[in-house]
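Since the structure comes first, as structure tokens, the remarks are kept for the end.
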Amino acid sequence: MKKYWDRRDFIKQSAAAVATMGMASPISSLLSSCSPNKGLTATADSVILLFMAGGMAHTETFDPKKYTPFTKGMQSDSVLSTFKSVPTALDGIHFSEGLESIGGIIDRGSLIRSYVAADLGHILHTRHQYHFHTCYEPPQSVTVPHMGSWISKELGPLNKVIPSFINIGQRFEVGEGEELKAFHSAGFLGSEHGPFLIPDPTSGLDSVRPPVGMSTKRFESRNQLYNQLLSESAMGEFGSDYQKESLKRSMEQAYILLNSPEAKAFDINLEPKESYDTYNTGKFGLGCLMAKRLVEEGARFITVTSEYEPFMNWDTHDNGHTRIAEMKKRIDAPISQLIKDLEKSGKLDSTIVIVASEFSRDMLTEGRPDLKVKDQVEVPDIINDMKNYGMHRHFTDGCSMLLFGGGIKKGHVYGKTADERPCKSIEKPIRIDGVHQTIYHALGISPDTNYEIEQRPFYTTPDGKGLAELDLLAKK
């Protein structure tokens, strides 16, 4: 091993490390596939996932229970919901106070009240988020593709200029950043199917143009240098033809986007002021606005996240009531406006919109009633301080999810949770493989879709056993 490095060696080895990390999966000589369609008729061609990162309590949002107002000296086990319930567009169905706008458009979609998150031992947000987005429990021997990457690979771009998979709103410089990166990947499917990252929608246009002060000619020169470094890297020397071509195609796609008129879709400042103001509840709301613009321009899969940062946003280890009240202000108007705008433009019929979180929360139960795990926050038996009023513990046995558009049933309620603690799923429990296969089914992607990795088939859901929940679909 060299003790001293010259500049060329340093650049070469750095490029090798970057290329290897970007590949993040075993190098195979051939990525072989088995993707029979089996006669599926697609009812959707694009997806928007609105992810409530951090653990959105079902009893405080889309599945309210008995309301218990705050009083000093109250018993913590008496608290089921800290908000009043309000009627929705569906007869007999109530949401939690603060979600009136979403309640007004729930007749356009389906409400799932019985999502059951996985039992992954000691509960960590990024482990459950990895499982939600990939359908696989970590760790795995290969880098597992994100759902958006599977969709990009199987269906390709709707608009060859717009990236097929776009992720809006998540930074990786916050806590657990490396763990978050682990599932923001296309893995063995190739770099061209990985997420196009936009951490902040207010600077989205900066993602598709050269840095300030860099001329087009200089950018082209850098692109040529990059291709040279790639050919001399570990990827260039040892990578399969598939991986090398995929990485080159990802760079070529970025270059094409840079010079295309479609790049304006990333500039939310071009939106009419009235529309902009409706969405402008913060970074998440403006992310919804960007998602609307991008799906109308031909994006295939878009994630907008409320962003996971430990002890922030939906990660309500304290001050649960007051912080959830703030989160509702951020999501209520943008989500409902997104559905209305897609409906108005005619895109809702072909676009599935998902509102979901990695798990729920409860005042007392960590995990689930029959499989409790170590408590991560202390909740006093008697509540005297407002900071202890709200749902602070992670709960995996009853979560809410919303689905709209793209062949999803309208005005439909799926599943049920108990009205008394533990407020767990008691009818039609659905797990993540069922959610993924329902989305794939609507997109016309067969449950048998797989690729041979490490001399074994690797499916969209573990062992290819996931089944679509046809009761959520208007056309089975």
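- Within the 4.5 Å cutoff, the side chain of Thr305 has no heavy atoms near those of the Leu50 side chain.
- The aromatic rings of Phe132 and Phe51 lie tilted to each other, with the angle between the two planes from 30° to 60°.
- A distance below 6.0 Å separates the ring centres of His146 and His133.
- Inter-residue side-chain proximity for Leu49 and Met147 is flagged as unmet; no heavy-atom pair is nearer than 4.5 Å.
- Residues meeting the ring pair (Phe, Tyr, Trp, His ring centres under 6.0 Å) test with His321, sequence neighbours left out: Phe83, Tyr389.
- No side-chain heavy atom of Tyr130 sits less than 4.5 Å from a side-chain heavy atom of Glu137.
- Salt bridge Lys465/Asp433: absent, no basic N to carboxylate O contact under 4.0 Å.
- Contact annotation: the side chain of Ile48 never approaches that of Ile352 to less than 4.5 Å [non-hydrogen atoms, C-beta and beyond].
- One finds the OG1 atom of Thr61 at 6.5 Å from the CG atom of Leu99 (value rounded to the nearest 0.5 Å).
- When side chains are defined from C-beta on, Asn167 does not count as touching Ile198, because their heavy atoms never get closer than 4.5 Å.
- Glu60 and Thr82 share a side-chain donor-acceptor pair at under 3.5 Å.
- Side-chain atoms of Asp63 and Thr417 include a donor-acceptor pair closer than 3.5 Å.
- Taking a cutoff of 4.0 Å between a charged side-chain nitrogen and a carboxylate oxygen, Lys66 and Asp419 do not qualify as a salt bridge.
- Looking at Ser360 and His58, their side chains do bring a donor and an acceptor atom within 3.5 Å of each other.
- The distance between the ring centers of His184 and Phe172 falls below 6.0 angstrom.
- No side-chain heavy atom of Glu452 sits under 4.5 Å from any side-chain heavy atom of Pro457.
- Glu178 and Lys181 are joined by a salt bridge, as a carboxylate oxygen and a charged side-chain nitrogen come within less than 4.0 angstrom of each other.
- Judged purely by distance below 3.5 Å, without hydrogens or angles, the side chains of Gln337 and Thr278 never pair a donor atom with an acceptor atom.
- Relative orientation of the His125 and His394 rings is perpendicular, given thresholds of 30° and 60° on the angle between their planes.
- Remark: the Ser46 side chain and the Thr351 side chain contain an N/O donor-acceptor pair separated by less than 3.5 Å.
- Side-chain atoms of Asn313 and Arg330 include a donor-acceptor pair closer than 3.5 Å.
- In this structure, the side chain of Arg361 engages the main chain of Gly54 through a donor-acceptor pair within 3.5 Å.
- Of the residues Trp150, Tyr440, Phe165, the one that meets the ring pair (Phe, Tyr, Trp, His ring centres under 6.0 Å) test with Phe301 is Phe165.
- For NZ of Lys283, the number of neighbouring non-hydrogen atoms (other residues, nucleotides, ligands) closer than 6.0 Å is greater than 12.
- Note on Arg368 versus Asp370: salt bridge recorded, some NZ/NE/NH1/NH2 to OD/OE distance being below 4.0 Å.
- Test Arg421, Lys424, Lys65 against Asp362 for salt bridge (Lys or Arg N to Asp or Glu O under 4.0 Å) and you get one pass: Arg421.
- With hydrogens and angles disregarded, no donor-acceptor distance shorter than 3.5 Å links the side chain of Ser96 to the backbone of Ser85.
- Here Phe458 and Phe188 bring their ring centres to under 6.0 angstrom of each other.
- Comment: Lys153 does not engage Glu192 in a salt bridge, judged by the lack of any side-chain N to carboxylate O separation of less than 4.0 angstrom.
- Side chain of Ser152 to main chain of Gly148: no donor-acceptor pair is present (N/O by atom type, distance under 3.5 Å, no hydrogens or angles).
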Extract all donor-acceptor atom pairs below 3.5 Å that involve side chains of residues 100-108 and protein atoms in other chains or at least two apart in sequence.
from: Glu100; atom 1: OE1; to: Gly98; atom 2: N; distance (Å): 3.1
from: Glu100; atom 1: OE2; to: Gly98; atom 2: N; distance (Å): 3.3
from: Ser101; atom 1: OG; to: Asp332; atom 2: OD2; distance (Å): 3.2
from: Arg108; atom 1: NE; to: Glu343; atom 2: OE1; distance (Å): 3.3
from: Arg108; atom 1: NE; to: Glu343; atom 2: OE2; distance (Å): 3.4
from: Arg108; atom 1: NH1; to: Gly104; atom 2: O; distance (Å): 3.4
from: Arg108; atom 1: NH2; to: Glu343; atom 2: OE1; distance (Å): 3.3

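- Contact check on Lys428 versus Asp471 returns a salt bridge, with a Lys/Arg side-chain nitrogen under 4.0 Å from an Asp/Glu carboxylate oxygen.
- Between the side chain of Thr461 and the main chain of Gly466, a donor-acceptor pair closer than 3.5 Å is present.
- Annotation: side-chain contact (heavy atoms from CB on, under 4.5 Å) contacts of Thr126 (sequence neighbours excluded): Glu176, Glu179, Leu180, Tyr308.
- Using a 4.5 Å cut-off on side-chain heavy atoms (C-beta onward), Ser425 and Arg113 make no contact.
- Panel note: side chain Asp375, backbone Val377; no donor-acceptor pair is recorded below 3.5 Å.
- Tyr115 has its side chain out of reach of Ser400: every pair of non-hydrogen atoms, C-beta onward, lies at least 4.5 Å apart.
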*Just do the ring pair (Phe, Tyr, Trp, His ring centres under 6.0 Å) check on Phe196 and Phe266 with the steps written out, would you?*
CA-CA 12 Å; Phe196 186 89; Phe266 292 85; 5.7 Å; yes

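- Between Glu309 and Arg171, at least one side-chain N (NZ, or NE/NH1/NH2) sits under 4.0 Å from a carboxylate O, which counts as a salt bridge.
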